[in-house]
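We count ligands from 1, going down the list as the structure has it; atoms in each ligand are counted the same way.
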Amino acid sequence: MDRFSILVGDITASDAQAIVNAANTTLLGGSGVDGAIHRSAGPDLLAECRTLGGCETGRAKLTKGYRLPAEYVLHTPGPIWRGGTYGEAALLASCYRSCLELAEEQGIETVDFPSISTGVYGYPMAQAAGVALKAIMDFLREHELPRRVRMVCHTEAAAEIYRQTYNMWYAGEKAERLLSPEGGNA
Ligand code: ADP
């Protein structure tokens, strides 16, 4: 899928039109990527977040990016890992889908995601990667916007897990479509 890629980096430096913030339900800032985004965006981001009344886990809200290179921030509170039997996977998938739906509604062309819930919230990276990639790929197959989506992993180790998961499930996609009876120029 040429509209999707995985890279290593700091999402606050991203040149995407929108970056995603792994927020908490207050939307008033926190640790990890949330803290880094607020530090880079400056105090006006917190001022706008205060007007939003928080956000439910698995949903998303949009703000401007202020001093960030990104024009917009999509804030989504991920689920806290409680062992995997409390609906965590459905909520995590919903985070990715909600961000992509909101991006599409706003006509946003490019979106960069961090690995939601895999820091302080404790979601195991390999399981999170499976959920994240399925949610993103399902959405991209059915929608033209956003035109480009990237996973921006903070470490090479995290990126390697995402790449392995991607290669296992999705790397063959193009070849399969070429071989399918409908065949053609997929
Ligand atoms: P959560 O509370 O959703 O677990 P964290 O911010 O603690 O959120 O972690 C989510 C992921 O974001 C982790 O994998 C962490 O390594 C990563 N991360 C932290 N800072 C950055 C950053 N500046 N850019 C990209 N990813 C980051």
Side-chain angles (χ1 to χ4, degrees), residues 4-43 45-46 49 52 54-63 65-100 102-103 108 110-136 146 148-166:
F4 176 74
S5 56
I6 297 160
L7 41 128
V8 183
D10 175 357
I11 204 163
T12 64
S14 161
D15 64 0
Q17 193 180 359
I19 62 168
V20 172
N21 180 15
N24 58 50
T25 53
T26 69
L27 298 185
L28 299 180
S31 59
V33 74
D34 195 5
I37 287 173
H38 276 274
R39 275 194 299 281
S40 300
L45 177 61
L46 183 58
C49 285
L52 299 178
C55 182
E56 282 170 44
T57 301
R59 309 296 294 269
K61 290 196 177 172
L62 181 89
T63 66
Y66 299 97
R67 292 185 202 152
L68 289 163
E71 189 179 345
Y72 298 106
V73 181
L74 293 153
H75 304 262
T76 186
I80 298 172
W81 179 257
R82 294 165 64 199
T85 56
Y86 290 86
E88 292 94 327
L91 286 169
L92 186 61
S94 174
C95 288
Y96 284 91
R97 211 167 35 242
S98 299
C99 288
L100 292 167
L102 197 48
I108 291 171
T110 56
V111 176
D112 280 1
F113 281 96
S115 175
I116 299 165
S117 283
T118 59
V120 175
Y121 282 2
Y123 209 117
M125 191 69 78
Q127 291 178 57
V131 172
L133 293 173
K134 179 168 181 357
I136 293 170
R148 186 195 78 194
V149 173
R150 302 188 300 197
M151 279 302 310
V152 179
C153 295
H154 205 37
T155 63
E156 179 54 38
E160 194 47 38
I161 292 173
Y162 274 81
R163 280 187 213 113
Q164 281 174 6
T165 308
Y166 182 86

Between N21 and I11, is the side chain to side chain contact (heavy atoms under 4.5 Å, CB included) condition met? List the steps. CA-CA 9 Å; N21 180 15; I11 204 163; over 6 Å; no
Can you list the steps and then say if N24 with Y121 is a side chain to side chain contact (heavy atoms under 4.5 Å, CB included)? CA-CA 10 Å; N24 58 50; Y121 282 2; 3.2 Å; yes
Apply the test side chain to side chain contact (heavy atoms under 4.5 Å, CB included) to residues L92 and Y123: give CA-CA distance (whole Å), side-chain angles for both, the deciding distance (0.1 Å), then the verdict. CA-CA 9 Å; L92 186 61; Y123 209 117; 3.8 Å; yes
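Less than 4.0 angstrom separates some heavy atom of A22 from each of these atoms of ligand 1: 3 (O), 8 (O). Heavy-atom proximity to G32, at under 4.0 Å, picks out these atoms of ligand 1: 6 (O). Within the listing of ligand 1, atoms 22 (C), 23 (N), 24 (N) sit less than 4.0 angstrom from a heavy atom of D10.
A heavy-atom distance below 4.5 Å is not found between the side chains of S40 and R67. Between L45 and H75, some side-chain heavy-atom pair lies under the 4.5 Å cut-off.
Nearest residue to atom 12 (O) of ligand 1 from V33, I19, T12 is V33 (criterion: closest heavy atom).
Given atom 14 (O) of ligand 1, the protein heavy atom at minimum distance is T118 OG1, 2.8 Å. Summary of contacts: the protein heavy atom closest to atom 15 (C) of ligand 1 is H154 CB, 4.3 Å.
A salt bridge does not link R39 to D10: none of the charged side-chain nitrogens sits closer than 4.0 Å to a carboxylate oxygen. One finds no salt bridge joining K61 and E56 here, because no Lys/Arg side-chain nitrogen approaches an Asp/Glu carboxylate oxygen to under 4.0 Å.
Scored by the salt bridge (Lys or Arg N to Asp or Glu O under 4.0 Å) test, E71 finds no partners at all (sequence neighbours excluded).
Considering both main-chain and side-chain atoms, S117 comes within under 3.5 Å of ligand 1 through a nitrogen or oxygen pair. At least one N or O atom of I11, backbone or side chain, sits closer than 3.5 Å to an N or O atom of ligand 1. Considering both main-chain and side-chain atoms, G119 comes within under 3.5 Å of ligand 1 through a nitrogen or oxygen pair. Taking distance alone, with nitrogen or oxygen atoms compared against 3.5 Å, V120 approaches ligand 1 more closely than that limit.
Taking 4.0 Å as the cut-off, S115 counts as a neighbour of ligand 1 on heavy-atom distance. Heavy-atom separations between G9 and ligand 1 include at least one value shorter than 4.0 Å. In this structure, A158 falls outside the shell of residues with a heavy atom less than 4.0 angstrom from ligand 1.
Side-chain polar atoms of S115 and Y162 form a donor-acceptor pair below 3.5 angstrom.
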